[in-house]
Q: 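Could you have a look at this structure, given as structure tokens, before my questions?
The residues of the chain are indexed from 1 along the displayed sequence. Heavy atoms only: backbone and side chains are in, while hydrogens, waters and symmetry mates are out.
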Amino acid sequence: MLTVDYKRLSSAFFLTDVALLQRKYQMFLFGTHGRLKNLIIFKKKILKSHNIMLVKTIGCALFGIDAISVTIEVNIDKGIQFFLVGLPDSAVKESHQRIEAALTNLGFSYPRKKITINMAPADIRKEGSAYDLPIAIGILAASGQVETEHLEQYIIMGELSLDGTLNPIKGALPIAIKAQQEGFKGVIIPKENAKEAAVVNDIDVIGVENLTEVVDFLNGNNNIQPVKISPEDVDKQEFYEFDFCDVKGQENIKRALEIAAAGGHNVILIGPPGSGKTMLAKRMPSILPPLTMAEALETTKIHSVAGLMGSNTSLLMTRPFRSPHHTISDAGLVGGGTYPQPGEISLAHNGVLFLDELPEFKRQVLEVMRQPMEDRIVTISRAKISLDFPANFMLIAAMNPCPCGYYNHPEKPCTCPPGAVQKYLNKISGPLMDRIDLHVEVTPVPYKDLTEKRTGESSAEVRKRVIAARKIQEQRYADFPTIHANAQMNSQLIQKYCDLDDTCRNMLKNAMNKMGLSARAHDRILKVSRTIADLDGSENIQPGHLAEAINYRSLDRDSWGR
């Protein structure tokens, strides 16, 4: 007579209640004949009724600053091995140990069977620990512990701790945007990333703290409300720590920075130590116009992919200010790596990149900026991948005039040997200097200005004039979606909007001959003069506007530093 080992049979069916299986089998036998034949039929019936051998969950892989959906297929079969395929990196492969510990600690059953997991498309590299959650849910669903009805309606991402809690992930915003584009109902992500993803409309953002909450939600036992944020909450996030009212004196430098902010121009500040170069540069974001929603989304995407978003942060509404140390590598500045990540120039997108002590940067590092400064985009190419990162930044550089720092100082003498000043300046190449619109000499602040109790003009007042000038440019370039400021004008637009009268034309011709300016410097002067005219509300470029723009090319003078 055939005996049935119900405990062993229950393991084969991934059922934990042995007594329930025994009752089902006895009821199945009632009124039938042939125990061996009926046992085979019963096996097929149980397997068919559960339909739990192959389950699919959806995750996302980051590709530059965008996301690509990844289908995670979990298959459970006879055996005892664990296979993870689909081009995973080491962090993804290590998910096996994290998932097993998390399931065990939370009281779930980890199937002691052959588990095969495929991550499709298999030719795209899967990186990071954010695939822990979709893999774990796939295993639970394939073993009958999670309902599969709603699985393919959500993109699921999250990193598991050993106790089952979820840690924040990178790229929550690009993942939510991808979910919206592909018609998913929503995303299930760690609670710390929920506000960031909730910026995207028309999808449900389910923020969860641990694996148990995800299982209960998918099984219908926990009705988690989607995270919502209001426009008022986003608008309140704009905050600047520094203000121009703190700066004593330096009115000519403030004027130059106002022009730069109004037209999106690059600036170099050159002056002795302690003259206020860094102090002025740090206040530059406070006078720039507010980010538009499109700019805020793109800026947030870059910082999200780089893992720089704070917990419970929704949308970056403050223009970024990046100030890398002069020991930075070229890959750190423009982006790169085996699997390219955005560099400092991309993290400064729609904001300010401040390079203090410019001559101390490696020459090779500075030279890689030349093309991104022109094209406002950087392309990182590798053998198997090529990515584009946006790099529309304002460059503010600061440097001393010589090694000792006191060349042209009104009181302290320069102690550098002959030729040292020019040698120091030659650390910065001519092509790079050509791409900087405004060259501003910073002089020390007199004592009487430092001791004045009267505060200077606030950033808010300067910002009003900058916004007014930007609105003029917005209307001017309304038909050109990729151009938003005067600094972005191409040759055709320069000819159209920077027309000069005879007086201005002769003035520029004399300046070109006397200072030995290049054709690029010629165009830069016209762009700056157009911005100065916009600040004055003038339709045409006047001689005064052009003269001021020419004056900001001080480092192009043949006599400077000799």
Q: Indicate yes or no for a side-chain donor-acceptor contact from R319 to the backbone of N350 under 3.5 Å, with no hydrogens or angles considered.
A: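 Indeed, once roles are kept as given, a pair shorter than 3.5 Å links the two residues.
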
Q: Assess whether a salt bridge exists between D434 and R553, defined as any Lys/Arg side-chain N lying under 4.0 Å from an Asp/Glu carboxylate O.
A: yes

Q: Please check if the number of heavy atoms outside K195 that lie under 6.0 Å from its NZ is greater than 12.
A: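 Atom NZ in K195 is not packed in, count stays at 12 or less.
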
Q: Is the NZ or CZ atom of R530 both under 6.0 Å from the centre of the six-membered ring of Y497 and within 45° of that ring's axis?
A: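 The answer is no; the distance or angle limit is not met.
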
Q: Using only heavy-atom distances, determine whether the side chains of S458 and D243 contain a donor-acceptor pair under 3.5 Å.
A: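 Per modelled atom types, S458 and D243 side chains form no pair under 3.5 Å.
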
Q: Between T300 and L316 (side chain of the first, backbone of the second, donor and acceptor by atom type, cut-off under 3.5 Å), is there such a pair?
A: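 Yes, because the side chain of T300 sits within donor-acceptor range (under 3.5 Å) of the backbone of L316.
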
Q: Between E360 (side chain only) and H326 (backbone N and O only), is there a donor and an acceptor less than 3.5 Å apart?
A: no

Q: Do V462 and R465 have side chains that approach each other closer than 4.5 Å (heavy atoms only, starting at C-beta)?
A: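 Yes, their side chains come closer than 4.5 Å.
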
Q: Does a donor on one side chain sit under 3.5 Å from an acceptor on the other, for Q422 and N426?
A: yes

Q: Enumerate the residue pairs fulfilling side-chain hydrogen bond (donor to acceptor under 3.5 Å, both in side chains) with a member in residues 59-68, sequence neighbours excluded, ordered by first and then second residue.
A: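 Sorted result for residues 59-68: D66-K301.
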
Q: Quick check for you: to the nearest 0.5 Å, what is the distance between L257 atom CG and L288 atom CG?
A: 10.0 Å

Q: If you draw a 6.0 Å radius around NZ in K248, do more than 12 non-hydrogen atoms from other residues or ligands fall strictly inside?
A: yes

Q: What residues, two or more places apart in sequence or in another chain, satisfy ring pair (Phe, Tyr, Trp, His ring centres under 6.0 Å) together with Y424?
A: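 Y424 satisfies ring pair (Phe, Tyr, Trp, His ring centres under 6.0 Å) with no residue once adjacent residues are dropped.
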
Q: Does N266 reach the main-chain N or O of M394 with its side chain, forming a donor-acceptor pair under 3.5 Å?
A: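 No.
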
Q: side-chain contact (heavy atoms from CB on, under 4.5 Å) for C498 and K527? Distances and angles first, verdict last.
A: CA-CA 7 Å; C498 299; K527 292 178 183 180; 5.6 Å; no

Q: Has the side chain of H545 got a donor or acceptor atom that lies under 3.5 Å from a matching backbone atom of Q542?
A: yes

Q: Are I380 and V378 close enough that some pair of their side-chain heavy atoms sits under 4.5 Å apart?
A: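 Side chain of I380 against side chain of V378, heavy atoms only: contact under 4.5 Å found.
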
Q: For residues S69 and P121, report the shortest heavy-atom separation together with the two atoms involved.
A: O-CD, 3.9 Å

Q: Do the side chains of K464 and E461 get close enough for a salt bridge, i.e. N-O under 4.0 angstrom?
A: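 The answer is no: the pair does not qualify as a salt bridge.
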
Q: Do T482 and Q488 get their side chains close enough for a donor-acceptor pair, meaning under 3.5 Å?
A: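 The criterion, which ignores hydrogens and geometry beyond distance, is not satisfied for Q488 and T482.
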
Q: Apply salt bridge (charged side-chain N to carboxylate O under 4.0 Å, His left out) to the pair K471 and E474, showing each step before the final yes or no.
A: CA-CA 5 Å; K471 285 183 178 178; E474 183 180 342; over 6 Å; no

Q: Using atom types as modelled and distance alone, determine if a side-chain donor or acceptor of N551 lies under 3.5 Å from a backbone N or O of A547.
A: no

Q: For a 4.5 angstrom cut-off between non-hydrogen side-chain atoms, does L395 reach M369?
A: yes

Q: Taking atom types as modelled and ignoring hydrogens, do the side chains of E196 and T313 form a donor-acceptor contact shorter than 3.5 angstrom?
A: no

Q: Going through the distances and angles, do R370 and M373 end up as a side-chain contact (heavy atoms from CB on, under 4.5 Å)?
A: CA-CA 5 Å; R370 284 159 53 176; M373 287 174 67; 5.8 Å; no

Q: So, S459 side chain and S286 main chain: donor-acceptor pair closer than 3.5 Å or not?
A: no

Q: So how far is it from L432 CG to L366 CG, rounded to the nearest 0.5 Å?
A: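 Output value for this atom pair is 6.0 Å.
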
Q: For the residue pair E298 and H349, establish whether any side-chain heavy-atom pair is separated by less than 4.5 Å.
A: yes

Q: Among side-chain atoms of Y477 and Q473, is any donor-acceptor pair under 3.5 angstrom?
A: no

Q: What I'd like to find out is whether the side chain of I268 reaches to under 4.5 Å of the side chain of V440, using heavy atoms alone.
A: no

Q: Do I58 and I72 come close enough that some side-chain heavy atom pair is under 4.5 Å?
A: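 Contact flag for I58/I72 side chains = no.
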
Q: Does E251 come within less than 4.0 Å of R255, counting only side-chain N to carboxylate O?
A: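 No.
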
Q: I'd like to know if the side chain of N193 and the backbone of I169 have a donor-acceptor N/O pair within less than 3.5 Å.
A: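 It does hold such a pair.
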
Q: Of all the heavy-atom pairs spanning V85 and P88, show the shortest one and how long it is.
A: C-CD, 4.1 Å

Q: To the nearest 0.5 Å, what is the distance between CZ on F242 and CG on L280?
A: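 The distance works out to 12.0 Å.
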
Q: Is D330 salt-bridged to K362, going by a charged N under 4.0 Å from an acidic O?
A: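 A salt bridge is absent here (no side-chain N lies under 4.0 Å from a carboxylate O).
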
Q: So does R476 pair up with D534, basic N to acidic O under 4.0 Å?
A: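 A salt bridge is present here (some side-chain N lies under 4.0 Å from a carboxylate O).
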
Q: More than 12 non-hydrogen atoms from neighbouring residues, nucleotides or ligands closer than 6.0 Å to NZ on K282, yes or no?
A: no

Q: Taking side chain as C-beta onward, heavy atoms only, is P444 less than 4.5 Å from P410?
A: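 The answer is yes; the side chains approach within 4.5 Å.
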
Q: Could you tell me the separation between the CG atom of N252 and the CD atom of E548, rounded to the nearest 0.5 Å?
A: 10.5 Å

Q: So which heavy atom on I436 is nearest to which on H439, and how close?
A: O-NE2, 3.1 Å

Q: Roughly how far, to the nearest 0.5 Å, is CD1 of I270 from CG of L425?
A: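 L425 atom CG to I270 atom CD1 measures 5.5 Å (nearest 0.5 Å).
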
Q: What is the distance from atom CG of L535 to atom CZ of R470, rounded to the nearest 0.5 Å?
A: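 Those atoms lie 10.5 Å apart.
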
Q: Would you say P359 and I428 make side-chain contact, with heavy atoms under 4.5 Å?
A: yes

Q: Is there a side-chain contact (heavy atoms from CB on, under 4.5 Å) between L526 and M489? Walk through the geometry before answering.
A: CA-CA 10 Å; L526 290 177; M489 283 193 291; over 6 Å; no

Q: Please determine if E374 and R524 form a salt bridge, counting it only when a charged side-chain N lies under 4.0 Å from a carboxylate O.
A: yes

Q: If the threshold is 4.0 Å, N to carboxylate O, is there a salt bridge linking E159 and R98?
A: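 Salt bridge absent between E159 and R98.
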
Q: Considering non-hydrogen atoms only, spot the tightest contact between A398 and F354 and give its length.
A: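 Closest approach of A398 to F354, heavy atoms only: CB-CE1, 3.8 Å.
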
Q: Which pair of non-hydrogen atoms, one from P401 and one from Y407, has the smallest distance, and what is that distance?
A: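 Looks like CG-O, 3.5 Å.
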
Q: Please find the pair of heavy atoms, one from C60 and one from A67, that lie closest to each other, and give the distance.
A: SG-CB, 4.2 Å

Q: Checking K126 side chain against I124 main chain: does a donor-acceptor pair fall under 3.5 Å?
A: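 Side chain of K126 to backbone of I124: a pair is present.
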
Q: Show your reasoning for whether side-chain contact (heavy atoms from CB on, under 4.5 Å) applies to I396 and L353.
A: CA-CA 6 Å; I396 299 183; L353 176 67; over 6 Å; no

Q: Ignoring hydrogens and angles, tell me if any N or O in the side chain of H522 forms a donor-acceptor pair with the backbone of S518 under 3.5 Å.
A: no

